[in-house]
Amino acid sequence: GHDAAAQARAHTGLGLVLLTGGRPRDGLDELRVGIERLGDDDPGRASALGWACISRMWLGDLDGSLAVAAEARAAASASENHMTAAIATAMVAVVSMLRGELDVASATIESGLAAAEHSPDRTGLRYPIYAPAAFILVEQDRLDDARAALEAGTRRSDEMGIRWHQPSYQMVRAVERFVAGEWDDAVDEVTANVELAADTGESYSLIVSRGVHSLIC
């Protein structure tokens with residue numbers, strides 16, 4: 001048989017693949033297996049909890065997302081997993097935004113951004129935390145600040161050589177351009193997002209992008 005820890009990490013990896021491929025429910029099922037089988041002191045458990053709280057958010061289970069985010073934060077603190085800490089903080093902020101608690105969302109994401117920026121080697125920025133930050137700014141009608149956040153996040157990702165952040169930023173750019181009334185630019189962002197998803201299979205961001213495109217149509 002396989003090494004138990006290796007098999008648990010394989011479930012976690014498959015869960016992430018399914019999530020980013022637009023199948024958060026199937027992804028969550030795999031992540032649950034990984035979470036159950038990884039020991040509390042295994043750093044992979046924190047990562048699995050982080051992706052699980054994102055999966056629950058995409059599924060509309062906001063209470064569940066918050067509960068798992070709390071677990072992820074604790075595990076991230078214990079294992080010094082700064083990327084997972086950024087994920088968990090971002091999901092708390094996103095849930096607050098979705099519930100209309102914009103002041104809470106803004107304060108939460110600002111603390112998450114500061115922690116990610118000051119994390120060792122900026123490892124917290126391996127998650128595109130500037131994307132939810134920009135989303136919250138759009139909801140506050142702070143479009144100039146949202147664009148600045150997207151530019152900052154893209155710049156950080158380029159500096160770190162992390163290409164997989166790009167769909168998240170394109171998704172939020174499409175929303176910001178739509179809200180600003182620049183619909184041709186919004187469609188361009190959606191088109192770029194669709195093309196990138198076709199190349200990489202990373203299609204979960206198309207949920208929002210195609211929604212924006214349908215509204216414009």
Side-chain angles (χ1 to χ4, degrees), residues 19-24 27 51 53-62 65-66 69 86-113 116 125-158 162-217:
L19 165 63
T20 56
R23 297 167 58 187
W51 300 123
C53 72
I54 293 178
S55 298
R56 287 185 178 277
M57 185 277 295
W58 278 112
L59 291 168
D61 178 9
L62 302 188
S65 181
L66 286 179
I87 291 172
T89 303
M91 288 306 100
V92 172
V94 168
V95 169
S96 297
M97 178 192 72
L98 293 173
R99 287 176 166 166
E101 301 165 354
L102 297 185
D103 289 342
V104 174
S106 181
T108 302
I109 202 67
E110 285 179 9
S111 69
L113 283 170
L125 295 177
R126 297 196 68 80
Y127 174 72
I129 191 171
Y130 276 93
F135 240 134
I136 291 165
L137 289 165
V138 170
E139 288 292 326
Q140 293 177 310
D141 292 326
R142 296 167 57 188
L143 301 188
D144 288 342
D145 290 337
R147 285 192 293 274
L150 290 167
E151 290 169 4
T154 300
R155 187 166 58 252
R156 297 286 189 274
S157 300
D158 288 344
I162 307 176
R163 185 169 179 262
W164 69 268
H165 289 184
Q166 191 173 349
S168 295
Y169 289 126
Q170 286 175 328
M171 172 182 68
V172 185
R173 281 194 187 93
V175 173
E176 187 277 325
R177 292 287 76 198
F178 171 70
V179 173
E182 301 292 340
W183 291 4
D184 288 341
D185 290 345
V187 171
D188 288 344
E189 293 293 345
V190 173
T191 300
N193 208 349
V194 170
E195 291 174 353
L196 187 61
D199 288 341
T200 66
E202 191 173 345
S203 59
Y204 73 108
S205 60
L206 296 183
I207 297 168
V208 173
S209 293
R210 288 195 183 278
V212 169
H213 199 180
S214 67
L215 285 169
I216 291 171
C217 290

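Residue pairs that meet the salt bridge (Lys or Arg N to Asp or Glu O under 4.0 Å) test with at least one member in residues 97-108, sequence neighbours left out, are D63-R99.
Taking CD1 of I129 as the reference point, atom OG of S168 lies at 12.0 Å (rounded to 0.5 Å). Here E195 contributes atom CD and Q170 contributes atom CD; the two are 9.0 Å apart, rounded to the nearest 0.5 Å. Atoms CG and CZ, from L196 and R163 in turn, are 5.0 Å apart once rounded to the nearest 0.5 Å. Taken to the nearest 0.5 Å, the CG atom of D145 stands 5.5 Å off from the CG atom of L137. To the nearest 0.5 angstrom, R210 atom CZ is 14.0 Å from L215 atom CG. Taking CD of E202 as the start and CG of L19 as the end, the distance is 9.0 Å to the nearest 0.5 Å.
For the pair T200 and Q166, the minimum side-chain heavy-atom distance is 4.5 Å or more. The closest side-chain heavy-atom distance from P128 to M171 is not below 4.5 Å. Residues V175 and F178 form no side-chain contact, since every pair of their non-hydrogen atoms from C-beta on lies 4.5 Å or further apart. Using a 4.5 Å heavy-atom cutoff, the side chains of L143 and V138 are in contact. In this structure, T154 and Y130 have side chains that are not in contact, with every pair of non-hydrogen atoms separated by 4.5 Å or more.
Closest heavy-atom contact between L66 and V92: CD2-CA, 3.9 Å. In plain terms, the two heavy atoms of A131 and V172 that are nearest each other are O-CG2, 3.7 Å. Between A174 and V212, the shortest heavy-atom distance links the atoms O-CG1, 3.9 Å. Among all heavy-atom pairs drawn from I109 and A90, the shortest one is CD1-CA, 3.9 Å. When all heavy atoms are compared, the tightest approach of H165 to R126 is NE2-O, 2.7 Å. Counting all heavy atoms, side chain and backbone alike, L62 lies closest to M57 at CD2-O, 4.5 Å.
Evaluation of the ring-ring contact (aromatic ring centres under 6.0 Å, His included) rule for Y169 yields no partner, not counting sequence neighbours. Remark: W164 pairs with no residue by the ring-ring contact (aromatic ring centres under 6.0 Å, His included) rule, at least two apart or across chains.
Formation of a donor-acceptor pair under 3.5 Å by the H213 side chain with backbone atoms of A186 is not found in this model. Between the T89 side chain and the A86 main chain, no donor and acceptor come within less than 3.5 Å of each other. Checked by atom type and distance alone, the side chain of S157 pairs as donor or acceptor with a backbone atom of G153 at under 3.5 Å. No donor-acceptor distance shorter than 3.5 angstrom exists from the side chain of S65 to the backbone of D61, with no hydrogens or angles considered.
Here D144 pairs with R147 in a salt bridge; the nearest charged N to carboxylate O distance falls below 4.0 Å.
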Apply the test side-chain hydrogen bond (donor to acceptor under 3.5 Å, both in side chains) to residues Y204 and S55: give CA-CA distance (whole Å), side-chain angles for both, the deciding distance (0.1 Å), then the verdict. CA-CA 10 Å; Y204 73 108; S55 298; over 6 Å; no

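Annotation: R156, atom CZ; neighbour count of heavy atoms from other residues, nucleotides and ligands within 6.0 Å is above 12.
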